[in-house]
Structures are given as structure tokens and as C-alpha cells.
2 protein chains.
Amino acid sequence: MFIYLPCTLTVIYDVPLIRLTLKKDAVLKIGIKDIAKQANVSIGTVDRVLHNRGEVSKTTREQVLKIIDELGYTPNLLAKSLSSKIKYTIAVLIPDAGSNPYWEKPLEGIKAAAREIKKFNFELQVATFDYSNENSFTEKANEILESNPSGFILAPVFYESSLTVIEKCDTLELPYVFIDVFIENCKNLAYFGQNSAQSGYLAARLMNYSINKGSSHLYIVKPLNPSAPVYHLSLREKGFISYFSLETTNQPDIHSMDFDISSPSILVESLDTIFASNQYPSGLFVANSRVHLVANYFEKNKIKNVVLIGYDLLPENIEYLEKGVIQFLVCQKPEEQGYKSVFSLFNHLFLKKPVDKLNYSPIDVIMKENIEYYKNFKI
Amino acid sequence: MFIYLPCTLTVIYDVPLIRLTLKKDAVLKIGIKDIAKQANVSIGTVDRVLHNRGEVSKTTREQVLKIIDELGYTPNLLAKSLSSKIKYTIAVLIPDAGSNPYWEKPLEGIKAAAREIKKFNFELQVATFDYSNENSFTEKANEILESNPSGFILAPVFYESSLTVIEKCDTLELPYVFIDVFIENCKNLAYFGQNSAQSGYLAARLMNYSINKGSSHLYIVKPLNPSAPVYHLSLREKGFISYFSLETTNQPDIHSMDFDISSPSILVESLDTIFASNQYPSGLFVANSRVHLVANYFEKNKIKNVVLIGYDLLPENIEYLEKGVIQFLVCQKPEEQGYKSVFSLFNHLFLKKPVDKLNYSPIDVIMKENIEYYKNFKI
DNA sequence: CTGAAAGCGCTTACAG
DNA sequence: CTGAAAGCGCTTACAG
């Protein structure tokens, strides 16, 4: 039923000033030649002070520096990379996508960034390791360090081994960027990853809004991959739980349920138990991308009106979201994490620009209506 | 109450192959010199066929073309823009931010893009017009066309005048990009804007999830600026309404309420009426960024438990979202629209890359928990 | 300590 | 129709 309820509409004529900004940009770009002329030196000398390569007398150095400052010189990056023979190599060490399809996404972003900075003589070295094999991590890391890259992006999933690697980086003065996993008190150039607890908290709010209020049962499902670490999972769980203890007067019973993804039958049994019990769920929060397993169960058993929230845009998840079996997918732009990791090193190495150290990904709320725009990674 | 319910956990050892991809990239970059040598011509001739500047005999032309193809030549863009004297100018014609603060955002993105492609000899010309003055649009457009830009980004808010301008662009073979407003059957290079109906539809789903189910009253608030067009507003309204008629068995009464933003007292009166009536609202959907006016009313009158959903990240809206007065803000990355408009012209003019014609912005769902990541525009 | 010169991969007149 | 040469703004040996 649609009711139209118009209010009085007063027309006003509040005419803002018309203005036209046509930048004439009369500022002529000044180059090292101009500086050289002003300072009565050769461009070679200017270059020496520009890059602190010494072999310049103090007085001329200061003179040149002064003029550079006065004229507000900024180097022409195109000319720089055209003439320079320096090659930059960015090494990447992340888990094998075979063990976790998640890692395809950051790699996609990494590759996209690599394509963009290729023209500036940047090259990529990608190595992967096995989640269930700490040695493979160390071995690959050592291989990389021996190849002497200009920068290093790594997912430090094994704490002890990572510390050893990081120490070596520090000694070599090799700038390194953490992706996805964060280790504290390191001299890492930057970190790009998720705010897992926060995303769980957000999911809880969505859950709370979506379920029928009043006493109810919520289930946190944690699909475990025995060979993969679980910190994201438990942080998401913590965030989810803390929302209900902090923000709402609505206090549902929250149950937690772990299961090994390699034995789906256990999941089915557990879900059977839950749905047959007198603790019938109002909603399920699946703390990672395996939410499609639960969605599949819902579909088969024709379960409706139970809110289902999960993570990540796997094709299966997208399908169930579009069908309406999953209500919300929380997503943390994994491609962007990879993309930005590369660019942080580019900014540091090439542009000599300062880089933000702590970088959490946006937490996207994906629904039927907006999934279209998140499906494909585009910069 | 938190209950832990563990399932059996079986450890498996599914060891994926370890692999190391160290791109050696032995492919030497080939340039016009190599082509020239292969074809036994000078680089001048190669350049002539590369740019179809004629003055080349058919046979040599074909020979060169063949070699270019064989060697898979791709031009070095850095060298190209370093040596070329060609300047590109992108003209922009959008509404004055004075009449609608929204337009600051696309402009921000436009400027960001401009900074990035400045090094490729791209320059920006920004002109603004007055929403309440169609003549100002036409005048500025003509001024721009006379300045003979390389590309044109415009918000064609006045239909008739826009058609005239567009016709001139077509004659001049000037590529033009629509931003925010779309006109059908034009030869525009691209369009960047919102999918307004879709966002209303999404807002309705959020609303439906958030309100207590059962019979209820929802209000669509349309804050009107008499000098600005309303198509986005009414599309959002339509989308909102159609969700309830299409997707849900839950059929609340939906009331629509327009008011002139220049007389806030009318809004207050209307809200007073609503909240005193026997049609007490479960939720209000404010179809644009003025949702903070309603939020302000909520705060003053200590209204709780009424779902409030609105648009855009104005500072006031952010504040009320963080306070919990507004539950959801729907946002359509206006900065990105500007940013991408510029890049579509860059791709077309400079890179000669094909450009997608229809580009809807992602519809972001913003809540307390993720607003942090959407506040600042970053590429 | 400093300068002159070649070169990066293109474009752009100009000469023939 | 075609080629030789200068130049874009830098870097990089090399000579003094």
C-alpha cells in the first residue's frame, strides 16, 4: 500500500555565483638544466647533489640545493625511468592458492599493480609456500633473500620462522610489507590486511538487525582447515560475540560450532542436530568463505527465514546470495590488499614517498543488490 | 550467554605442490629501432606507418606492419609522452558545489585523476554551472567548446540544452563522457553514475531486515532542493517501493513525504505529525544526503528504535551514524565517478584503449563498523 | 671535485 | 616517398 503525503513546497531562487576555473597553468616546468644554468654548474653536478652521490664541494652543493628549493624543482619521473638502468624487483611470498583459494585474490591485485608499474622498470617475483609446511616457507624466503630483491611482500603466517626471515630483512635493509597477517614490533614498511574482529562485530550488527527480536539462538560456524591457521576465524568470532555483549539489550544465546572442512558429513550431522533441537536458530554466522556449505544444506533442506551471513565472494557464495539463501556476505577486498602492497613499495622505492604503516581493508557489506559491483576486481 | 559446541576435528595432510615462479622475463623489449632494422627502413618511416601519417609506399608500409606484428611491438608510453609536444586538455562541466555539496566529491576524484596523468601532458579545465540557471550551463559549455579541448566530461542535467551541446560535440568529433546523469541514444564515450533505483531497492531490503516484522509504517522522505532536479530522488523512491511489492510477503504501509530543504520547519511539523499519529513509523528512508536533518529531529526528540536510512557521507551524517541515530548510509562513491571519468578519456585519447560505455558505481552499505574505511577518498 | 657527451625510446621538423 | 638529426629530461660512465 502506497500513500502519498505531500508537504508544502516553496520555490526559492538562491542563485550561487557562476564561476569558471580555466587553469591557464602558466608555470613552466623546470628541469635540472634550469637549475644548472642558475647555479652556473653542469647538469652532472646538479644530479650529484640531487642524489647525494658526494663528490661535490660544500659551497656548490649548498648553492644548488638553494636553487632547487627556490625553483621548486620536482623530477620528471618519465625521463627518470626512461634513462635509468636501475631495475626494481618486488618479491612476493604468499600461501599457495591450492591450499586456500582465498590467496588467488591478493595475487590478482599484486599482478594488476605489477602490470601498472612495469613501465617504471619494476619486476615481480612470486613465490608460494604450503600452509601445512613451515619449512616450505623458510626455504622460499631464503631463496628470495638470496635473489636480492628491492622489496619484499610476505604473509608471515608462521610466527617463529617469520621472525627469522624478518631479522634477515632488517640486516639487509630490505623493505618488507606484511600482507594479511600482522606481526607486532617489526620494522615493516607497511601492513595490509583485514580488521577481522571489526568485521565480526559488523556481521553481528547485521545479524541483530535481521533476526526477529526477542530470545533466540545464534550459531557461529567455524569451518576449519587443519593445515591453515585460525586467527582470522577466532577474531571474527570474538568480534561477533562482543557486539552482543556491548551494544544490544537483545541477548540471544550464541553457540559456537567448529568443524573440519575435509569431512562435510560432520557439518551435516551437526546442522541436523541443531535444526532438530529446541534451540532452533534465528541465524547462522559462518566465519569464513565456506558459508556455501551451510547454504547448500539450507537449500537441500528447504530452510527459510534463518539469517545466513558469511564471508568472501567465492562463486558458490555469490550464487547462494543471489538465490537469497545467504543474506549478507562480508568481504575485505583481498585484491586491493595485494594491489596496495605493491604500490606501497613503489611509493617507497621509486617515488620516495612516505607510506602509511597500518592499512586495514574496507569491510564491504555485500547483498543481492550490490554484488554486481563487487564481483570483478577493477582499479 | 556463550555456549561452546565443538565438533570432531580430523587432521588431514593434504600437501599441495610447492612451486616457485620466479619470472625471468627474458623477453627483451623491442622498440621502433628494432623494427626499422628488420625492415631495412629508418625509424622515421616506422613512425609514419605506426601513426598512419601516410607518405609511405604501400609495399614498405605492409612490410613494416608485418614486422611490427611479428615482433609484437608495443610503444613505450614514457618515451612517447616525453618526446611528444602534444598537450591534452580535459574539460569538465559540472554543477557548482555551492548549490549542492555533493558535487565536491566527483570533483575531488577528477582532480586526483588529473594529478596522476599530468605527467602524460594532460591538463584539466574545470567549469561549473548553476543548477537553477540553464543558461549558465549553455554558456559555459560553449566557452568550453570554443577552447577546443581533447575530451569533455559533463553532467547533462538540462535535457534540451544538453542535446544541443552534445550535437556540437558530435560535429567536432569531441569525445564526451556523462557523469551522474545519463542521456540515452548518445554517442557518449562513457557514462559514470549511480544506479539509483537499485540503491533504493537495496535500502528497502536493509529496512525490511531491520524493522520488526509484522504490520508497520514506513516513510520515504524526499528533501527537495527547488533549484535541483529530482530524478535520482524519485528513482530511489521507486526502487524502495518496488522491493516491498516484489520481494517480501511483509507488506508495510509506505508513506511518501516531500519537503523543501529551505524551510526546515516544515520538516519538523511533518515529523511531529507522524510521530503523534497512530501511524507511528518503524523506519524512515531519506532519499538523499539530507538525512541528517531527520537524524537531528530524532536526537532532539529522543526517538529510538526507529530505523533511519539515508544517503551519502556528509560530515553530519557520519556523526549521526557513529552516534547510532542513523543505522545505514547508502553511498555511491562519487569521487570514484569523477576519477574514472577522467581515466576513461585518458584510456581513449592516450592509450587508445577501448572503454566501457555504461559504468554504474558500486553501492556501498555504510555502518558504524565500516565507516572508517569509506570516510576518505583514496585510490 | 666538475663538465661534456652518449643514451633511454620515442616525436618532429627538415632536407632530399 | 624516405632518412638523418635534434630534442624531450633525465642517468651514467668517462675524462680531466
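In the text below, chain A, chain B and the rest are named by the order of the sequence lines, each starting its count at 1.
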Trainee: Who passes side-chain hydrogen bond (donor to acceptor under 3.5 Å, both in side chains) against A:Lys168, sequence neighbours left out?
Mentor: A:Asn142
Trainee: Over 60° means perpendicular and under 30° means parallel, so tell me whether B:Phe350 and B:Phe346 are parallel, tilted or perpendicular.
Mentor: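 Taking B:Phe346 first and then B:Phe350, their aromatic rings lie parallel (interplane angle under 30°).
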Trainee: Show me the donor-acceptor pairs within less than 3.5 Å that the side chains of residues 61-74 of chain A make with the rest of the protein, sequence neighbours left out.
Mentor:
from: A:Arg61; atom 1: NH1; to: A:Asn52; atom 2: OD1; distance (Å): 3.3
from: A:Thr74; atom 1: OG1; to: A:Lys29; atom 2: NZ; distance (Å): 2.5

Trainee: Using the salt bridge (Lys or Arg N to Asp or Glu O under 4.0 Å) criterion, which residues pair with A:Asp356? Sequence neighbours excluded.
Mentor: B:Lys378
Trainee: Not counting sequence neighbours, which residues clear salt bridge (Lys or Arg N to Asp or Glu O under 4.0 Å) with B:Lys333? List them please.
Mentor: B:Asp364
Trainee: Taking any heavy-atom pair under 4.0 Å as a contact, classify A:Thr60: base, sugar-phosphate, or nothing.
Mentor: sugar-phosphate
Trainee: Using 30° and 60° as the class limits, which term best fits the ring planes of B:Phe182 and B:Phe178: parallel, tilted or perpendicular?
Mentor: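 Ring orientation of B:Phe182 relative to B:Phe178: perpendicular.
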Trainee: Would you kindly compare B:Ser42 and B:Ser84 by the position of their nearest DNA chain D nucleotide and give the one closer to the 5′ end?
Mentor: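 The residue mapped nearer the 5' terminus is B:Ser42.
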Trainee: Within a strict 4.5 Å, meaning less than it, do heavy atoms of the B:Thr128 and B:Lys140 side chains meet?
Mentor: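 In short, these two side chains do not touch, never coming nearer than 4.5 Å.
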Trainee: Determine which bases of DNA chain D form Watson-Crick or G-U wobble pairs with both distances under 3.5 Å, and write the result as a 5' to 3' dot-bracket string with | for other-strand partners.
Mentor: |||.||||||||.|||
Trainee: Answer with yes or no whether the side chains of B:Gln337 and B:Ser361 bring together a donor and an acceptor at under 3.5 Å.
Mentor: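 A donor-acceptor contact under 3.5 Å links the two side chains.
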Trainee: On DNA chain D, reading 5' to 3', which nucleotide is the first and which the last to sit with an atom under 4.0 Å from a heavy atom of chain B, could you check?
Mentor: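 Range of nucleotides within reach of chain B: D:dC1 to D:dG9.
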Trainee: Need to verify one output field. Residue with the more 5' nearest nucleotide on DNA chain C, A:Ile43 or B:Gly44?
Mentor: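 Looking at the nearest nucleotide for each, A:Ile43 comes out on the 5' side.
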